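The shown structure was predicted, so the numbers you read here are calculated from the model rather than taken from an experiment. Just so you know, ligand 1 is whichever comes first in the structure, and atom 1 is the first atom listed for that ligand.
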Amino acid sequence: MNTQAARGSGMTSERTRARMIERLRQQGIKDEVVLSAIAAIPRHLFIDDALAHRAYEDDALPIGHGQTISSPYIVAKMLETLRAGKALGRVLEVGTGCGYQAAVLSQVAKEVFSVERISQLLDKVRARIWNLRIHNLRVAHSDGYLGLAEVAPFDGIIVAAAAPSVPPRLLEQLAVGGRLVIPVGVGENQQLQVIERLEEGFAERTLEPVKFVPLLERLA
Ligand code: SAH
């Protein structure tokens, strides 16, 4: 990573980031690998300048095109659930958005693929990945309902938008022992779910109520 760009100043400094990590611990996040990854990625660089001073508050913030960057807590929770204490090889993220969660994922997985349906968001993401010298993350303009069959299977799949039901293609593209972390539901009725692929079949668990933008079909 390019540490000079990452360092920031004032409201975007390392100290501000350290306070965010403390808050995540108080909110129950325990996975040190995830906490270190979040500490390593400067969230303010993924948000427009006008809002950058709010980058380390525990909020979802607008990133344009009617989309939002997930709150630090939800990113931490999803990654902790995806890892389940184990190292991750190949991971797919659906819903790149501003690229923040994908960048954090790049610190906890060997290889990350992230797909986004709004192509205009991806130009900015590519510049951010380049500036931070992140080399194990690929982004693509693609419909996440379809997964990314050409590089499947995945040890983990994380979906950053709420689906009315679990997309079957994503289940198909999970490796045995792999986990899918996904908000399921419509409007205000969404639950974070984790689905693990077993030798035979799947094991499903509901974690907590959440609020995500909808997973939409087809490219924008
Ligand atoms: N992980 C992001 C959160 C982005 S919000 C971050 O850290 O900023 C969810 C994103 O999912 C939006 O950018 C939205 O355009 C995208 N999205 C919604 N439906 C999609 C689909 N079918 N395929 C790919 N991306 C989708």
Can you pull out the closest protein heavy atom to [atom]? Residue, atom name and distance to 0.1 Å, please.
| atom | value |
| --- | --- |
| atom 11 (O) of ligand 1 | Gly95 CA, 3.2 Å |
| atom 8 (O) of ligand 1 | Cys98 SG, 3.1 Å |
| atom 25 (N) of ligand 1 | Arg117 N, 3.3 Å |
| atom 12 (C) of ligand 1 | Gln67 OE1, 3.1 Å |

Hey, does the side chain of [X] reach the backbone of [Y] with a donor-acceptor pair shorter than 3.5 angstrom?
| X | Y | result |
| --- | --- | --- |
| Thr96 | Val115 | yes |
| Glu204 | Glu196 | no |
| Glu116 | Leu122 | no |
| Arg197 | Glu172 | yes |
| Arg128 | Leu45 | yes |
| Arg43 | Ala55 | yes |

Which of these, Leu216, Val94, Val75, Ile118, has its nearest heavy atom closest to atom 22 (N) of ligand 1?
Leu216
Heavy-atom gap Glu93 to ligand 1 smaller than 4.0 Å
yes
Heavy-atom contact under 4.0 Å between Ser142 and ligand 1?
yes
Relative to the heavy atoms of [X], which atoms of ligand 1 are at a distance of less than 4.0 Å?
| X | answer |
| --- | --- |
| Pro214 | 18 (C) |
| Val213 | 5 (S), 9 (C) |
| Thr96 | 1 (N), 2 (C), 6 (C), 8 (O) |
| Ala160 | 1 (N), 3 (C), 5 (S), 9 (C) |
| Leu121 | 13 (O) |
| Gln101 | 1 (N), 7 (O) |
| Thr68 | 3 (C), 4 (C), 5 (S) |
| Ile69 | 8 (O) |

Quick one: which residue pairs count as a ring pair (Phe, Tyr, Trp, His ring centres under 6.0 Å) with a foot in residues 178-219, not counting sequence neighbours?
none
Check this for me - ligand 1, [X], N or O atoms closer than 3.5 angstrom, yes or no?
| X | value |
| --- | --- |
| Gly144 | yes |
| Ser70 | no |
| Glu116 | yes |
| Arg218 | no |

In one Ile/Leu/Val/Met/Phe/Trp/Tyr side-chain cluster, 4.5 Å: Val184, Tyr145:
yes
Please determine whether salt bridge (charged side-chain N to carboxylate O under 4.0 Å, His left out) holds for the pair Asp31 and Arg83, giving the CA-CA distance in whole Å, both sets of side-chain angles, and the decisive distance to 0.1 Å.
CA-CA 9 Å; Asp31 187 334; Arg83 263 181 39 84; 2.7 Å; yes
Is the closest basic N to carboxylate O distance between Arg25 and Glu32 below 4.0 Å?
yes
Taking the basic N atoms (NZ, or NE/NH1/NH2) and the acidic carboxylate oxygens, is any pair closer than 4.0 Å for Glu22 and Arg19?
no
Check whether any side-chain heavy atom of Leu105 lies under 4.5 Å from a side-chain heavy atom of Tyr100, and answer yes or no.
no
